**Q** 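One structure is given below, represented as structure tokens, and several questions about it will come after.
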Amino acid sequence: MIIMDKYEKVIELAKRRGFLWPSFEIYGSTAGFWDFGPLGTALKRRIKEIWIDFHVIRGGFYEIETPTMCIEDVFVASGHVNNFADLMVECKKCGEAFKVDSAMEKCPECGGSLGEVCAFNLMFKTSIGPGSKRIGYLRPETAQGMFVDFHRLLRFYRDRLPFGVAQIGKVYRNEISPRQGTLRLREFTIAEVEIFIDPRKTEHPNFEDVKNVVLQLYPAKEQLSDGKTLKLSLKDAVEKGIIKQQFVGYHIAQIQLFLLEIGFSQEKIRFRQHKNDEIAHYAIDCWDAEALTDRFGWIEIVGIANRGDYDLKAHAKHSQNEMTVFVPYDKPITRERMVIKPNMRAIGRKFKDNAAKVTEALRTLSLDQFEEGTIRVGDEVIPLTKDLVKYELVSEEISGERVLPHVIEPSYGIDRIVYVLLEHSFDEEEVEGERRVVLRLPPNIAPIQGVVLPLLSRDGLDKKGRWVERSLRKNGFLVDYDESGTIGRRYRRHDEIGTPFAITIDHQTLDDDTVTIRDRDSMKQIRVLIGDVPSVMGELIAGGVIFEKAGTLI
RNA sequence: GCGGCUAUGGUUUAGUGGUUAUGACAUGAGCUUCCCAAGCUCAGAACCCGGGUUCAAAUCCCGGUAGCCGCACCA
């Protein structure tokens, strides 16, 4: 008996049955790259579809697609060129690796001397165009593409906050040591939403819909003290100030609902708050959705951050573009304002070369200074005389103000989700002394939705089977057809890859045109008319009907 | 990147400095059976890559690559 832990069992199954394969295998593979085989690709596609259903269709955020390669400016502005790098140094004596601290000379662990400093920027760098020296980077997140399009998005959403935009795509990070299957890759898929909100309005219009969702929370405070998680409704968590804003809370609930819908185990999901020392300097509140894995413990699969105005401010500055939103007041405000009109002719004559500085000083003059009757240019104090400026008090109507939005960002690691889903779905049980391996994936997530199995490959059963297969394919189901080996063996084959329903053609089919449908999880069977198979399958997969009631239970 | 362990058919595994490299499961063909991995026959399919030592290397040595564990980082 070979003893494997769950990770090994899942990866072994994934490789053997065409979910996941190490990339470039015939050339020896390279860490951090995995191929999705036929079933893995189908599974991943279903996860992405549900994600889009959640965030784009139900959530109302449109999806966009921006290049995976970006020009240098994007990442200079975002800070990735300077900060998405680790300066590392190793102790020559004990081998411990440290992030470089300028004051550090000796190893803090053992006092040994340190080796040479090496920097890793985790971005892949390349050049754009033939002979061009224009630098390009493969993106390490999809977010920047969405920030860079802010001015277009704002117009698309007709100049109103809040609005959100979603993107699913490949991102690249030259990880130092990728391993652990698809939990840590150099090329991977993330699904991100950037929600732009008015920083003064952190309540969520649909908060009521999710306020009773119960979350397993692991706040920063508990991580530092007793290490216990709290089970709280979203409403309580926000009211107690554990989750700082309704808006973030709403999306934490959405993350949980999404994970449950695709088949995660509820008790294996928790939300961990970033502690002060790990939270990005610009972020206001950060949580990670973590999933419990058998070998690696709790691992991060979704991050949700309030990034504040960091990104928009950075791009506005670097690109010299306005990235604010005009937010109208409920009622326009009327106020009186002193309007100062410099007499350029007189100023020019009097101050000559310094005239520009004087007008600039006038332009930024405060009312207090104006009342003092002087302005300050450099070290000089200049009296404001009537020949230099004219002024008048005007009454003006202000209808709103410009606001730099804050960004709420849920960011899903799709490949990690694929692995965890396989692990959470993986089950073994004893059936009449035999080991049965079942992937208990929800029917609408399973890569193959049904398999058609003629009991025998003759007597016309095969012909009937082919007919059922075609009718299912015509109705949009991804199905398989299998007539090799005994019926039991074929059921087991499909249990192992999570096929939820098996349609069996038997001798009774020839008499009364009925077939059986077998439920993967219970192994129970119902009998339905051959012509009803597509509609019954549709209801079963959508979860609109209880299995035992979808036909005549055998 | 550093340290430790490891590398044999699709998967898992045995093995030895020397003929044609085990077995199991899986896969394909056939027979038989026919509603939960039955049986029989047959078939295809492997020593991670490169260098060295040796008459001879899958085996010993060195280097690389990959995997697992730890450090670090993260979706």
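Reminder, nothing fancy here: chain letters follow the sequence lines and each chain counts from 1. Because the structure is predicted, anything quoted here is derived from the model rather than measured. Basis for what follows: all heavy atoms, side chains included, without hydrogens, waters or symmetry-related copies.
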**Q** Send over the distance from A:Glu175 CD to B:C73 C1', rounded to a whole Å.
**A** 6 Å
**Q** Which residues pass the side-chain contact (heavy atoms from CB on, under 4.5 Å) test with A:His406, not counting sequence neighbours?
**A** A:Ile197, A:Pro199, A:Ile284, A:Asn306, A:Asp309
**Q** A:His55 and A:Phe61: aromatic ring centres closer than 6.0 Å?
**A** no
**Q** Reading RNA chain B from 5' onward, which residue's closest nucleotide shows up sooner: A:Glu12 or A:Arg490?
**A**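 So the residue in question is A:Glu12.
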**Q** Kindly write out the residues that satisfy side-chain contact (heavy atoms from CB on, under 4.5 Å) with A:Ser411, not counting sequence neighbours, or none if the list is empty.
**A** A:Ile190, A:Glu192, A:Glu409
**Q** From the options B:A72, B:G28, B:A37, select the nucleotide whose nearest atom is closest to the side chain of A:Ser484.
**A** B:G28
**Q** Quick one: label A:Tyr419 by what it contacts on the DNA or RNA (base, sugar-phosphate, nothing), any heavy atom closer than 4.0 Å.
**A** nothing
**Q** Thinking salt bridges, do A:Asp495 and A:Arg518 make one under a 4.0 Å N-O criterion?
**A**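 Looking at A:Asp495 and A:Arg518, the cut-off is met.
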**Q** Looking at A:Lys6 and A:Glu423, is there a salt bridge between them, counting it only when a charged N and a carboxylate O are closer than 4.0 Å?
**A**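 No salt bridge links A:Glu423 with A:Lys6.
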**Q** Take atom CG of A:Asp519 and atom P of B:C35, then tell me their distance rounded to the nearest Å.
**A** 20 Å
**Q** Between B:A75 and B:G70, how many Å separate the two C1' atoms, rounded to a whole number?
**A** 22 Å
**Q** Taking the C1' atom in each of B:G23 and B:A45, what is the distance between them to the nearest angstrom?
**A**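 The answer is 15 Å between these two C1' atoms.
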**Q** Mind running a 4.0 Å heavy-atom check of residues 256-272 of chain A against RNA chain B and sending the residues that fall below it, in number order?
**A**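 Going residue by residue through residues 256-272 of chain A, none turns out to have a heavy atom under 4.0 Å of RNA chain B.
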**Q** Scan A:Arg173 against the nucleic acid and name what it touches under 4.0 Å (heavy atoms): base, sugar-phosphate only, or nothing.
**A** base
**Q** Indicate, with a heavy-atom threshold strictly under 4.0 Å, whether A:Val171 touches base, sugar-phosphate, or nothing.
**A** nothing
**Q** Only one of A:Arg440, A:Arg520, A:Arg436 forms a salt bridge (Lys or Arg N to Asp or Glu O under 4.0 Å) with A:Asp427, so which one is it?
**A** A:Arg440
**Q** What does B:A43 pair with, Watson-Crick or G-U, if both distances are under 3.5 Å?
**A**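 Pairing partner: B:U27.
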**Q** What is the distance, to the nearest angstrom, from the CZ atom on A:Arg492 to the C1' atom on B:A37?
**A**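 Between C1' of B:A37 and CZ of A:Arg492: 6 Å.
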**Q** Return the set of residues passing side-chain contact (heavy atoms from CB on, under 4.5 Å) with A:Val545 (not counting sequence neighbours), or none when no residue passes.
**A**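 Counting only residues at least two positions away or on another chain, A:Val545 forms a side-chain contact (heavy atoms from CB on, under 4.5 Å) with A:Glu539, A:Leu540, A:Ala550.
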**Q** Mind checking the P distance from B:U41 to B:C47? Whole angstroms is fine.
**A**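 Result for the P pair: 28 Å, nearest Å.
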**Q** Taking only the C1' atom of each, what is the distance from B:A26 to B:G18 in whole angstrom?
**A**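 The answer is 33 Å between these two C1' atoms.
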**Q** Start with the C-alpha distance between A:Tyr7 and A:Tyr419, add both sets of side-chain angles, then the distance that settles ring-ring contact (aromatic ring centres under 6.0 Å, His included), and finish with yes or no.
**A** CA-CA 9 Å; A:Tyr7 172 81; A:Tyr419 171 76; 5.7 Å; yes
**Q** By the side chain to side chain donor-acceptor pair (under 3.5 Å) test, which pairs, at least two apart or in different chains, include something from residues 293-304 of chain A?
**A**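 Every pair satisfying side chain to side chain donor-acceptor pair (under 3.5 Å) with a residue in residues 293-304 of chain A: A:Asp5-A:Arg295.
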**Q** Counting heavy atoms not belonging to A:Asn276, are there more than 12 under 6.0 Å from its CG?
**A** no
**Q** Send over the distance from A:Glu25 CD to B:C48 P, rounded to a whole Å.
**A** 14 Å
**Q** Under 4.0 Å, counting only non-hydrogen atoms across every strand here, what does A:Leu185 touch: a base, just sugar-phosphate, or nothing?
**A**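 The residue A:Leu185 makes base contact.
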**Q** Work out how far the P atom of B:C73 is from that of B:G4, and round it to whole angstrom.
**A** 22 Å
**Q** Could you state the atom-to-atom distance from CD1 of A:Ile26 to P of B:G10 in whole Å?
**A** 13 Å
**Q** Want to settle it: does A:Thr516 or A:Arg295 sit nearer the 5' end of RNA chain B, counting the closest nucleotide to each?
**A**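 The residue mapped nearer the 5' terminus is A:Thr516.
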**Q** What about A:Glu8: does its side chain form a donor-acceptor pair under 3.5 Å with the base of B:C68?
**A**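 No, no donor-acceptor pair under 3.5 Å.
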**Q** So what's B:C5 paired with, Watson-Crick or G-U wobble, going by both distances under 3.5 Å?
**A**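 Because both required distances fall under 3.5 Å, B:C5 counts as paired with B:G67.
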**Q** Dump the pairs, protein N or O against N or O of nucleotides 65-67 of chain B, anything under 3.5 Å, distances to one decimal.
**A**
from	atom 1	to	atom 2	distance (Å)
B:U65	O2'	A:Gly28	O	3.1
B:A66	OP1	A:Ala31	N	3.3
B:A66	O4'	A:Gly28	O	3.4

**Q** In whole angstrom, give me the gap between the P atoms of B:G63 and B:G9.
**A** 24 Å
**Q** Examine the base of B:C35 for any acceptor or donor lying under 3.5 Å from a partner atom in the side chain of A:Arg518, and report the outcome as yes or no.
**A**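 Looking at the base of B:C35, it does not pair with any donor or acceptor on the side chain of A:Arg518 (distance under 3.5 Å).
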**Q** Scan residues 275-285 of chain A for pairs that pass salt bridge (charged side-chain N to carboxylate O under 4.0 Å, His left out), counting only residues two or more places apart or in two chains.
**A** A:Arg272-A:Glu278
**Q** Can you sort out the partners of A:Tyr310 under ring-ring contact (aromatic ring centres under 6.0 Å, His included), two or more places apart, ordered by chain and number?
**A** A:His281, A:Tyr282
**Q** A:Lys15 NZ to B:A7 C1': how many Å, rounded?
**A**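 From A:Lys15 NZ to B:A7 C1': 11 Å.
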**Q** If stacking means aromatic ring centre less than 5.5 angstrom from the base's six-membered ring centre, planes under 30°, is A:Phe188 stacked on B:A75?
**A**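 Yes; centroid distance and tilt both under limits.
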**Q** Whole-Å distance between B:C68 C1' and A:Asp294 CG?
**A** 15 Å
**Q** Using the P atom as the point on both nucleotides, what is the distance between B:U11 and B:C48, in whole Å?
**A** 13 Å
**Q** Could you tell me which residues satisfy ring-ring contact (aromatic ring centres under 6.0 Å, His included) with A:Phe247, sequence neighbours excluded, listed by chain and number?
**A** A:His204, A:His251
**Q** Surrounding CZ of A:Phe124 (heavy atoms of other residues, nucleotides or ligands, distance under 6.0 Å), is the total greater than 12?
**A**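 Yes.
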**Q** To the nearest Å, how far apart are A:Leu122 CG and B:A75 P?
**A** 11 Å
**Q** With the threshold set at under 4.0 Å for non-hydrogen atoms, list the residues of residues 499-508 of chain A touching RNA chain B in residue-number order.
**A** A:Thr504, A:Asp506
**Q** According to side-chain contact (heavy atoms from CB on, under 4.5 Å), who are the partners of A:Asp311, at least two apart in sequence or on a separate chain?
**A**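 A:Asp311 satisfies side-chain contact (heavy atoms from CB on, under 4.5 Å) with A:Gln144, A:Phe147, A:Arg307 only.
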**Q** For atom CG of A:Leu224, is the number of surrounding heavy atoms from other residues, nucleotides or ligands below 6.0 Å larger than 12?
**A** yes
**Q** Does the side chain of A:Glu483 come under 3.5 Å of the side chain of A:Tyr481 through a donor N or O and an acceptor N or O?
**A**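 The answer is yes; a qualifying pair exists.
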**Q** Report the nucleotide, chosen from B:C68, B:C36, B:C74, that has the shortest atom-to-atom distance to any side-chain atom of A:Val431.
**A**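 Ranking B:C68, B:C36, B:C74 by closest atom to the A:Val431 side chain puts B:C36 first.
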**Q** Using atom C1' in both nucleotides, what's the gap between B:C2 and B:C60 to the nearest angstrom?
**A** 27 Å
**Q** Nearest to the side chain of A:Gln525, heavy atoms from C-beta on, is which of B:C36, B:C69, B:A75?
**A** B:C36
**Q** Scan A:Arg16 against the nucleic acid and name what it touches under 4.0 Å (heavy atoms): base, sugar-phosphate only, or nothing.
**A** sugar-phosphate
**Q** Please write out each protein N/O paired with an N/O of nucleotides 38-44 of chain B under 3.5 Å, distance rounded to 0.1 Å.
**A**
from	atom 1	to	atom 2	distance (Å)
B:A38	OP1	A:Arg489	NH2	3.0
B:A38	OP2	A:Thr486	OG1	2.9

**Q** Which part of the nucleic acid does A:Leu455 contact within heavy-atom distance under 4.0 Å: base, sugar-phosphate only, or nothing?
**A** base
